[in-house]
Amino acid sequence: MTARIRALLRLFAIQASWNYERMQGIGMGYAAAPLLEGLKTTAPGRYAEAVARSAEYFNCHPYLAGVAVGALARTEEDGVPGPLIQRLRTALCGPLGALGDQVFWAGLLPALMALTMVAVAGGAGAWAVVSFLIVFNGVRLATAWWGLRTGLETGLQVAGAMQRSWLPRVGSWLGPAAGFLVGFAVPASGGYLLRGAPTGALASTLGIAIVGIVLFHRLPAMVTALRYGLALVGAALLWLWLVP
Amino acid sequence: MTLPFDLSIALGLLGWGTLVGLDLVSVPQMMISRPLVAGTIAGAIAGDVASGMRVGLLLELFALDVLAVGAARYPDYGPATVVASAFAAASPGAWQVVLGPAALLGLLLARLGGWTLPYLRHANARVVQLHSAELAAGELGRIEAIHWLSLIRDAVRSFALTGFGLLLVALWLRIPTHGEWLPAIAAVGAAMAAAWNGAVRTAGRGLRLTWVEAGAVAGLLWAVWAR
């Protein structure tokens, strides 16, 4: 297995040692290790230093961590001075985090998940769920490979390469699509879950939802979605047990 | 106390709960921890895909409120959904009666799971501090050992959470249920509010909010038509 493939596989576990001390740092060191092995022969004096640097503090979106792993390994290979590598490392955290959040957490994931929810509500069954897993992970795997390759090819120039890439463009149109699909999925899923319920029940459900939305808006620190759900369902069950 | 499942099913659910608990943060983050996925497969393991999918859909609405950015704290819906789906599959009542208690069980465990995550991260941080000299010296073996031990720690957390949840299922199934829609209505109403809250918060005040609203109108029309 080549070093790139081994690094790619390790990227899937990049957050396994996530902690409040170095965040993804240890995971970065673990993922970068196969790419740094070449230094053992080309620059043995530099190897331990590079390994130590690779496990220092780092945090970004986990799906784009490959970009940083690749770029930092390339700079080590090129013999770039340590302080400059550390500066690059620090500089990559914010942009890779923000871009990944925009494209994946606020774009692709809610869009595909909402589409799956609508498909389930429409009667597609378990196939919708299987399709979601295939499509999402296909994109995720392709992105991880592309990110690692881009990082390794561009090294210190990685920021410019990211700016010119497809990611910012995709992020800008995924947002509205995700917004529409999630908006669609909320009533569609609610309607599916209450299929067969009396008409009054639907009005009550909408009432509960509207009160919840107002409370989340007015008292955001006190009323969270999870607390609201726990309180309401708990109260409803208690009521039925106490008043049979 | 006896479990409501065969041993093989209970072990399957424990294994699946552990995997989805790991998927949330540690490995492989392929979204099997999303409630709709976790619930559907848990339902299949427990012998009732439809119940698992329904519970998964309900808890997915709650999960849409969560934006897992940076070092944010959030509930762990994966093992919670596995347990709630197992409850729904094992419960003898009609699905509208089961949905409410399953939601309560799922939300309680999601909350509990969310509380365990900071402890896990602090435990990982303590180990990193303990070995800071070896890390500074570039000892690759130490980096790999810390990484693998952290992974095992998360697996134990997920396993314990799922196991505790399955014990709760065994206890809860002894409580008589009433054939009423009320808890299901409360659960679905709260879940819709949660998903809407997440969608609006992510949208901000820009064009995306208009798309959310347009989607909601279209979804409402579709729901009425499908009814």
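Keep in mind that what you see is a predicted model, and the values were worked out from it rather than measured.
The nearest pair of heavy atoms linking A/A52 to B/A136 is CB-O, 3.4 Å.
Both the backbone and the side chain of B/W196 come within less than 4.5 Å of a heavy atom of chain A. Both the backbone and the side chain of B/L108 come within less than 4.5 Å of a heavy atom of chain A. A/L181 does not touch chain B: none of its heavy atoms, backbone or side chain, sits under 4.5 Å away. Heavy-atom distances place both the backbone and the side chain of A/I26 under 4.5 Å from chain B. The part of B/M53 that comes within reach of chain A is its side chain, from C-beta onward, which places non-hydrogen atoms under 4.5 angstrom from that chain. Of the atoms belonging to A/A177, not a single heavy atom falls under 4.5 Å from chain B. Proximity to chain A (any heavy atom under 4.5 Å) is shown, for B/E144, by both the backbone and the side chain. When heavy atoms are compared at a cutoff of 4.5 Å, A/V186 approaches chain B by way of both its backbone and its side chain. Using a 4.5 Å cut-off between heavy atoms, A/I14 touches chain B through its backbone atoms (N, CA, C, O) alone. Contact annotation for B/D154: neither backbone nor side-chain heavy atoms come within less than 4.5 Å of a heavy atom of chain A. For chain B, no part of A/R53 is nearby; none of its heavy atoms comes within less than 4.5 Å. Of the two parts of B/V128, only the side chain, counted from C-beta on, holds a non-hydrogen atom closer than 4.5 Å to a non-hydrogen atom of chain A.
Contact count against chain B (heavy-atom pairs under 4.5 Å) is highest for A/L226 among A/V182, A/V211, A/L232, A/L226. Most heavy-atom pairs under 4.5 Å with chain A, from the set B/P75, B/A103, B/A226, B/P101: that is B/P101. With respect to chain A, the highest number of heavy-atom pairs below 4.5 Å among B/A218, B/A44, B/A195 belongs to B/A218. Of the listed residues (A/E49, A/R10, A/E56, A/R140), the greatest number of heavy-atom pairs within a distance under 4.5 Å of chain B belongs to A/R140. Contact tally against chain B (heavy-atom pairs below 4.5 Å) for A/L141, A/L215, A/L202, A/V214: the top residue is A/L202. Across B/A193, B/S150, B/A191, the residue that shares the most heavy-atom pairs under 4.5 angstrom with chain A is B/A193. With chain B as partner, the option from A/G191, A/G100, A/G125, A/P110 having the largest number of non-hydrogen pairs under 4.5 angstrom is A/G125. The candidate from A/P176, A/G234, A/G207 with the greatest count of non-hydrogen atom pairs under 4.5 Å with chain B is A/P176. When the candidates B/A194, B/A223, B/A125, B/A203 are compared by the number of heavy-atom contacts under 4.5 Å with chain A, B/A125 comes out ahead. The candidate with the highest count of non-hydrogen atom pairs below 4.5 Å against chain A, out of B/A63, B/P118, B/A184, B/A199, is B/P118. No other option in A/S204, A/G190, A/A106, A/G212 has as many heavy-atom pairs under 4.5 Å with chain B as A/A106. The residue among B/V188, B/L149, B/L151, B/V66 with the most heavy atom pairs within less than 4.5 Å of chain A is B/V188.
Here the side chains of A/M117 and B/L61 are in contact, with some heavy-atom distance below 4.5 Å. When side chains are defined from C-beta on, B/R126 does not count as touching A/E21, because their heavy atoms never get closer than 4.5 Å. The closest side-chain heavy-atom distance from B/N197 to A/I213 is not below 4.5 Å. Taking the side chain as every heavy atom from C-beta outward, A/W239 and B/L182 approach each other to under 4.5 Å. In this structure, the side chains of B/I175 and A/W241 come closer than 4.5 Å at one or more pairs of heavy atoms. Residues A/T116 and B/R34 have side chains not in contact (no heavy-atom distance under 4.5 Å, counting atoms from C-beta outward). Looking at A/Y192 and B/R54, their side chains come closer than 4.5 Å, going by heavy atoms from C-beta outward.
Residue B/F159 qualifies as open at atom CZ: its count of foreign heavy atoms under 6.0 Å is 12 or below. Annotation for B/W211: atom CH2 does not count as buried by contact number, only 12 or fewer foreign heavy atoms lying within 6.0 Å.
A tilted orientation is assigned to the rings of A/F184 and B/W222, their planes being inclined by 30° to 60°.
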>> For a side-chain contact (heavy atoms from CB on, under 4.5 Å) check, start with the C-alpha distance between A/L112 and B/M31, then their side-chain angles and the critical distance, and finish with the verdict.
In response: CA-CA 11 Å; A/L112 285 181; B/M31 296 302 126; over 6 Å; no
> Can you list the steps and then say if A/Y47 with B/L140 is a side-chain contact (heavy atoms from CB on, under 4.5 Å)?
Replying inline: CA-CA 10 Å; A/Y47 176 70; B/L140 182 59; 3.5 Å; yes
> After noting the C-alpha distance and the side-chain angles of A/V120 and B/L36, does the key distance pass the side-chain contact (heavy atoms from CB on, under 4.5 Å) rule?
Replying inline: CA-CA 9 Å; A/V120 166; B/L36 186 54; 4.3 Å; yes
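When the ring-ring contact (aromatic ring centres under 6.0 Å, His included) test is applied to A/F132, the partners found at least two apart in sequence or on another chain are A/F136. Residues satisfying the ring-ring contact (aromatic ring centres under 6.0 Å, His included) test with A/H61, not counting sequence neighbours, are A/Y63, A/F104, A/W105.
Within residues 193-201 of chain A, the residues that have a heavy atom under 4.5 Å from a heavy atom of chain B are A/L193, A/L194, A/R195, A/G196, A/A197, A/P198, A/T199, A/A201, listed by number.
A/S17 pairs with exactly one of B/R121, B/R153, B/H147 by the side chain to side chain donor-acceptor pair (under 3.5 Å) rule, that one being B/H147.
In this structure, the side chain of B/N124 engages the main chain of A/W18 through a donor-acceptor pair within 3.5 Å.
Residue pairs meeting the ring-ring contact (aromatic ring centres under 6.0 Å, His included) criterion with at least one member in residues 106-127 of chain B, sequence neighbours excluded: A/Y20-B/H122.
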